[in-house]
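Just below is one structure, and these are the notes that go with it.
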Amino acid sequence: MSKYITKYIFLILVLISLPGLITAQKTKKDLEAKKKKLQADIEYLNKLLEQTTNSKESSLGRLMTVSKKINLQEQVIETVTKEIDIIQSQITVSNDTINTMEVRLSDLKKEYARMVVDAYKTEKGYNKLSFIFASKDFEQAALRIRYVQEYQEYRHRQAQIIDSTSTAVGQKVTRLQKKKDEKKELLSSVESEKSTLSAEKNEQQRMYDQLKGKEKQLRKELNEKEKASQKLDASIKKLVEEAIKKSNATTKSTKSDSKSLELKLTPEAKQLSQNFENNKGKLPWPVVEGVIFRPFGTYSPMPGITMSNNGIDIATTKGAIARAVFDGTVSIVTEDPSLGKVIIIRHGDFLSVYVHLKEVFVKAGDKVQTKQTLGTIVYDDLNQMADLELEIWKGQNKLDPQDWLFKKD
């Protein structure tokens with residue numbers, strides 16, 4: 001009876017653990033993909049920082065790049081820690097399964113040993129032929145022949161089950177050892193990441209201490225950029241209002257309050273607007289390579305300083321080009337001393353804005369296509385970096401461009 005109980009316990013354990021193992025495997029793959037993406041971004045930021053290694057002067061841009069790198073490093077540690085937890089749960093399940101299989105194997109071996117002993121005792125008393133010929137009649141002889149054959153087959157099957165179970169246990173033990181080795185390797189990588197993180201935080205503190213002495217100058221520069229950004233805001237809102245007035249004048253609208261009016265789009269512009277909206281989360285990046293280091297909305301580049309961003313800033317390599325995120329028509333090409341050259345492209349009811357350009361290759365009225373080159377990005381010697389600011393608007397509402405760009409693997 002115990003052999004059947006052990007067998008059923010083993011089957012139940014396998015059936016219970018299987019869904020969990022499949023889910024854990026999927027989660028582990030997702031974590032590995034996330035870790036790979038984070039490590040690629042860290043590697044790219046290292047590449048950007050290497051461009052300024054000769055400079056001993058700290059800059060706000062460099063500080064923000066290092067801060068972004070620290071954030072990514074912390075996410076890597078968190079991701080690897082989750083991987084370790086999953087592997088540990090798999091190790092626990094594997095240990096339980098192996099223990100159950102070993103108990104079953106032990107029971108099978110004991111049962112087989114008893115069969116061998118019983119067979120030996122039986123054969124010692126009489127042989128198989130005597131057993132068969134001692135039958136009362138032919139029918140009983142046939143039954144005894146069948147019994148002898150089935151008993152031999154049963155012993156053979158038991159020997160095969162023992163062999164296959166023993167092999168399965170060996171394979172499980174091998175896989176378990178691989179899991180343990182993988183866990184050990186990940187634990188080592190966590191320690192390495194923590195060591196790197198500690199060094200990065202020391203560098204961050206060094207930069208902060210250096211920049212603290214320039215706080216007055218930094219605030220002045222940031223205020224100038226803030227004013228320029230507000231000026232750009234006003235230009236975009238004016239552009240939208242003028243477009244609304246023009247579209248409503250064409251449709252002979254009787255409403256006088258331009259703020260209450262909606263932009264009347266042509267069928268072609270409506271389709272373009274719909275296509276743009278349908279591509280939310282799929283738009284190509286406005287640079288070939290880059291990492292977002294200034295987020296949308298309010299953020300703090302360093303303690304004591306708070307800023308607001310109408311879009312996202314993407315750090316990229318020196319000499320990089322900006323490209324259109326979608327088909328559209330260039331509405332404005334303008335310039336500001338603090339922002340560089342700016343391009344605004346209309347996509348029906350949506351606008352995409354490209355800030356911090358040095359040279360531009362398009363002019364107002366030009367039709368552009370997705371990924372078309374728009375211009376080169378300014379390299380800021382003071383901040384020791386090239387960064388493109390991307391804004392996306394719908395009407396007069398600012399949207400977070402990160403929600404619209406393609407999520408890189």
Side-chain angles (χ1 to χ4, degrees), residues 37-55 57-69 71-72 221 225 228-229 232 282-296 299 301 309-328 330 332-345 347 351-363 366 368-392 400-402 404-409:
K37 164 68 172 59
L38 290 168
Q39 288 171 335
D41 283 348
I42 289 171
E43 189 177 335
Y44 188 73
L45 287 173
N46 281 333
K47 180 181 172 183
L48 295 181
L49 289 167
E50 281 172 10
Q51 295 178 351
T52 60
T53 48
N54 293 330
S55 174
E57 285 292 313
S58 297
S59 67
L60 193 58
R62 189 175 168 84
L63 174 64
M64 289 192 68
T65 305
V66 170
S67 297
K68 175 67 177 180
K69 190 178 165 188
N71 176 261
L72 294 175
E221 290 168 4
K225 285 194 175 182
S229 182
L232 179 61
K282 304 174 191 173
L283 296 179
W285 280 53
V287 291
V288 176
E289 287 184 299
V291 176
I292 297 169
F293 77 105
R294 283 193 185 108
F296 174 79
Y299 68 98
N309 199 356
N310 294 333
I312 55 171
D313 283 64
I314 303 171
T316 187
T317 51
K318 190 174 184 178
I321 59 166
R323 55 188 192 174
V325 296
F326 205 71
D327 298 346
V330 178
I332 289 177
V333 176
T334 186
E335 188 172 5
D336 183 275
S338 298
L339 300 177
K341 292 180 180 177
V342 178
I343 296 174
I344 301 175
I345 300 176
H347 318 275
L351 296 172
S352 60
V353 184
Y354 309 80
V355 187
H356 304 153
L357 300 176
K358 183 179 180 181
E359 292 179 86
V360 294
F361 308 137
V362 293
K363 61 184 184 300
D366 285 355
V368 296
Q369 295 180 330
T370 304
K371 292 187 179 181
Q372 181 175 327
T373 300
L374 302 175
T376 57
I377 300 166
V378 171
Y379 182 80
D380 187 342
D381 290 315
L382 183 65
N383 279 307
Q384 305 169 25
M385 69 186 311
D387 83 90
L388 175 73
E389 182 183 338
L390 173 70
E391 298 179 16
I392 292 180
D400 185 350
Q402 196 166 353
W404 291 79
L405 295 181
F406 178 76
K407 305 296 183 290
K408 296 191 289 184
D409 293 331

* Asked: Out of V291, I377, V287, which residue meets the side chain to side chain contact (heavy atoms under 4.5 Å, CB included) rule with I314?
  -> V287
* Structure fact -> OG1 of T334 to CD1 of I344, rounded to nearest 0.5 Å, is 7.5 Å
* Asked: If you measure from CG on D387 to CZ on F293, what distance do you get to the nearest 0.5 Å?
  -> 4.0 Å
* If you look at every heavy atom in A324 and Q369, which pair is closest and at what distance? -> CB-O, 3.6 Å
* Kindly write out the residues that satisfy side chain to side chain donor-acceptor pair (under 3.5 Å) with D336, not counting sequence neighbours, or none if the list is empty. => none
* Structure fact -> Closest non-hydrogen atoms of E391 and P401, given as atom of the first, atom of the second and distance, are CA-CG, 4.2 Å
* Structure fact -> So OH of Y354 and CZ of R323: to nearest 0.5 Å the spacing works out to 10.5 Å
* Are any non-hydrogen side-chain atoms of P286 and L405 less than 4.5 angstrom apart? -> yes
* Structure fact -> Taken in chain and number order and not counting sequence neighbours, the residues that satisfy side chain to side chain contact (heavy atoms under 4.5 Å, CB included) with N309 are R294, Y299, D313, E389
* Asked: Taking only residues two or more places apart in sequence or in another chain, which ones pass side chain to side chain contact (heavy atoms under 4.5 Å, CB included) with K282?
  -> N279
* Asked: How many angstroms lie between atom CG of L388 and atom CD1 of I292, to the nearest 0.5 angstrom?
  -> 11.0 Å
* Structure fact -> What one should report as the nearest heavy-atom pair of K358 and V378 is N-CG2, 3.4 Å
* Asked: To the nearest 0.5 Å, how far apart are CD1 in I332 and CG in L232?
  -> 8.5 Å
* Would you say P301 and L63 make side-chain contact, with heavy atoms under 4.5 Å? -> no
* Roughly how far, to the nearest 0.5 Å, is the NZ atom of K69 from the CD atom of E43? -> 10.5 Å
* Set of ring-ring contact (aromatic ring centres under 6.0 Å, His included) partners for F326, sequence neighbours left out -> F276
* Structure fact -> W285 and F406 have their tightest heavy-atom pair at NE1-O, 2.8 Å
* To do: With sequence neighbours left out, write down each residue that passes side chain to side chain contact (heavy atoms under 4.5 Å, CB included) with I321, or none if nothing qualifies.
  => T373, T376
* **Derivation and outcome, side-chain contact (heavy atoms from CB on, under 4.5 Å), residues L283 and I392** => CA-CA 11 Å; L283 296 179; I392 292 180; 4.2 Å; yes
* Asked: Side chains of M385 and M64: does their closest heavy-atom pair fall under 4.5 Å?
  -> no
* Would D327 and V368 count as a side-chain contact (heavy atoms from CB on, under 4.5 Å) if you check the C-alpha gap in whole Å, the side-chain angles of each, and the deciding distance to 0.1 Å? -> CA-CA 6 Å; D327 298 346; V368 296; over 6 Å; no
* Asked: For V333, which residues count as a side chain to side chain contact (heavy atoms under 4.5 Å, CB included) partner, sequence neighbours excluded?
  -> V330, I343, V360
* To do: With the side chain counted from C-beta on, respond yes when T370 and V325 share a heavy-atom pair under 4.5 Å apart, and no when they do not.
  => no
* Compare every heavy atom of K68 with every heavy atom of L45, then report the nearest pair and how far apart it is. => CD1-CG, 3.8 Å
* Under 3.5 Å donor-acceptor, D41 side chain and L38 backbone -> no
